[in-house]
Structures are given as C-alpha cells and as structure tokens.
Amino acid sequence: IYDTRGLEIGEDGKKIIKELRSYIAKTRKADLSEQIHVVWYCVRAGDNRFEVHEADFIRELHKLGLPVICVMTQVATNAGVPKPDAVELAAHIESLGLPLADKHVYLTYAQGDDFTGQAAHGAKELVDATFRVVPEGVEAALTASQKVDEEQKWKRAQSVTLSAASAATLAGATPIPFADAAILVPIQTAMMAKISQTYGIKLTDSKVAGLAATGAATTLGKSVVTNLVKFVPGANLAAMTISATVAGTLTTAMGYAWAGVCIKMAKGELEPSQAGVINAVFLAELKSQMGKLRSGKSANAASTE
C-alpha cells in the first residue's frame, strides 16, 4: 500500500503526481510486490464537494497507466440507506466522464462505530471491484492480503486445488503402485503451500512441506486408503494401486481439507506450531471432504466437521 499525502490544492496534486511518476519509473522492473497496481481515489463524504483539481488529478493518474477506482469514505446510512448528500455527490462525480477503471463511485463506511450506531458497509463491493481491475499476476497477493471477502480466498483455493488435481490425474494415468505413491507428494505439497499463501498463513516452506508430506503419507497409507479410497470410483483395492481417478479425487479432497485447516489457522483457532493437532484436524477434514465427493456434494470452505 502506497499512501500519498492528502490532496488539498492544485499545486499539491502536481507534487504528488511527480512523486508517483518517479516511484513508478523506479519500480517498473522491480518485483511485483513493489509496484502500484491500482489506485483508490478517496473522497470524504463529509466534505460534500469534488473540486476541479481533483478531477484533473484522476486524469493524471490515468495518464500514468494506473487504473483508478473512486471511493467515497465515511458515508453514513440510515436503515441501510446512504445519506442523500453522498448519493448526490457520487452521481455528480460519475457524470463527469472521468477515466475511471470502474465508472461507479463506491460508497463506504470502513469500520463500524458503536457510539453512533453506524454499521460498516461497502468494503466487500470495493474489494470485488479491485479484483476486476488488478493485473492477473497480482490476484493471488491481493487474495491473501485482503481480509474483507473470504469468498475470494475460497475461490482461489478451489482454483489451486483443481489445478493440482488435474496434475495428479495425469500422474495417475498409468496406475501407481502404493509403493510409488510418493510421486504425488510434490504436487500436493505445492498445492498446500499455495493455499497457505492464499490465507496468509506464514509458514516456512519446510513447515508446509512437512505438514503436507505427513498428511499425504498418512492418507495414502494402506489402512487409510482401505477406509477412504474404497468409496472412490476406479479404486483397485485388490491390486492396491492408485488410478487417475483416485489420484485426482484424493488430491481434490486434500486441497479442500487443507483450505479448511488454513481457515482455522487464519482465525487463530489453530497455532501453526501445533503440527500434531493440525495433522489430526487435517485428516478429519479430509474424511469429511471425501464423504462429500463420494456422495456427489459440493465441497465448501466452512467444512469443519
């Protein structure tokens, strides 16, 4: 997050644009995490005005190649209805034909106020709008860093899981003997690491790999497979091999189960250092997800049974 100085007069705007231009030039070839990808131009509802130099500032931001979303802050509501003055000001800004990435002005009240009884609103819609305009390469980072929209995190976890399941399915195109099942572990380890990042779980790569490998080894052990894989179409318990269907199904269940564990860690319900507890919760989640896949139900991020 790059927070500029407040914009008060035209001269200040020129200085800020100059600073931004310099920063963009300096970071253009730097790591993506150092670059600016989208601008939230904030208008305080209480000021009840939008000046000409503010419109000019947005145009200058557009010239720098930055997608701009206009946000109105501290918009009070009554029974869920925004203050009329704010709605009128937003309509005025939208009528100016500014080069905004999203022509809609987002009305927000970022944090609820118990004293006045004002409820927070608008943040999820703003985050959703931001997802629509950021470059594809930074969607994963935005997913991990934002705390407003859990649905976006779950969609990202689903995407990672299904990609890994496809890779596991290919690996199992020729049935894999249980003795060679470790061939799937790198696929599942990478999947778990990406899901951990999605939920902002700051585990070292070795920690993630250790947890993933432990879960994978336990899951793919003969005793667990006998209890779980027998319900999966294509399982061959007599030959004790893993088919493409089994490999893909197991990996899918593992991804959804690990997402459930990460949700608990993100909420502080599990400590990353509790490897044994995490592994037990993971296996419980895995059984739940396997049951859902077996019955044809859709997996969901809230599965904790």
field: Side chains of Leu126 and Trp40 in contact at under 4.5 Å (non-hydrogen atoms)
entry: yes
statement: Between the CG atom in Leu107 and the NZ atom in Lys83, the distance rounded to the nearest 0.5 Å is 12.5 Å
query: Do Tyr41 and Val71 pass the side chain to side chain contact (heavy atoms under 4.5 Å, CB included) test, and can you show the C-alpha distance, the side-chain angles, and the key distance before you say yes or no?
result: CA-CA 6 Å; Tyr41 184 83; Val71 185; over 6 Å; no
statement: Minimal heavy-atom distance between Val75 and Ala45, with the atoms involved, is CG2-CB, 3.9 Å
message: Please give me the minimum heavy-atom distance between Ala165 and Thr252, naming the atom from each residue.
response: CB-OG1, 3.2 Å
query: Is Ser159 reaching over with its side chain to a backbone N or O of Lys155, donor-acceptor style, under 3.5 angstrom?
result: no
- request: Look up atom OG in Ser163 and atom NZ in Lys194, then write down how far apart they are to the nearest 0.5 Å.
  value: 6.0 Å
- request: For Tyr106 and Glu125, work out which heavy atoms get closest and say how close.
  value: CE2-O, 3.8 Å
CG-CD distance between Leu250 and Gln289, expressed to the nearest 0.5 angstrom: 12.5 Å
query: Taking only residues two or more places apart in sequence or in another chain, which ones pass side chain to side chain contact (heavy atoms under 4.5 Å, CB included) with Ala190?
result: none
task: For the pair Trp258 and Thr161, evaluate side-chain hydrogen bond (donor to acceptor under 3.5 Å, both in side chains) and give the outcome as yes or no after the intermediate values.
output: CA-CA 10 Å; Trp258 186 247; Thr161 297; over 6 Å; no
task: Compare every heavy atom of Ile187 with every heavy atom of Ala164, then report the nearest pair and how far apart it is.
output: O-CG2, 3.5 Å
query: Would you say the side chain of Ile69 lies within less than 4.5 Å of the side chain of Val39, judging by non-hydrogen atoms?
result: no
Nearest atoms (heavy-atom pairs only) where Tyr199 meets Ala157: CE1-CB, 4.1 Å
field: Donor-acceptor under 3.5 Å (Ser288 side chain, Ala284 main chain)
entry: no
- request: Using a 4.5 Å cut-off on heavy atoms from C-beta on, say whether the side chain of Glu285 contacts that of Met254.
  value: no
message: For the OG1 atom of Thr251 and the CE atom of Met192, what is their distance to the nearest 0.5 Å?
response: 9.5 Å
statement: Output for pair (Arg49 CZ, Asp85 CG), nearest 0.5 Å, gives 14.0 Å
field: Output field: ring centroids Tyr256/Trp154 closer than 6.0 Å
entry: yes
Sequence neighbours excluded, every pair satisfying salt bridge (Lys or Arg N to Asp or Glu O under 4.0 Å) that has a member inside residues 97-109: Asp102-Arg132
- prompt: What is the distance from atom OH of Tyr109 to atom NE2 of His121, rounded to the nearest 0.5 Å?
  reply: 8.0 Å
task: Starting from the C-alpha separation in whole Å, work towards a yes-or-no answer on side chain to side chain contact (heavy atoms under 4.5 Å, CB included) for Thr108 and Met72.
output: CA-CA 6 Å; Thr108 67; Met72 192 171 298; 5.9 Å; no
Could you list the donor-acceptor pairs under 3.5 angstrom formed by side chains in residues 55-68, with sequence neighbours left out?
residue : atom : partner : partner atom : Å
Asp56   : OD1  : Arg59   : NH1          : 3.0
Glu60   : OE2  : Lys63   : NZ           : 3.4

- request: Return the minimal non-hydrogen interatomic distance between Ile93 and Cys70, and the atom names on each side.
  value: CG2-SG, 4.1 Å
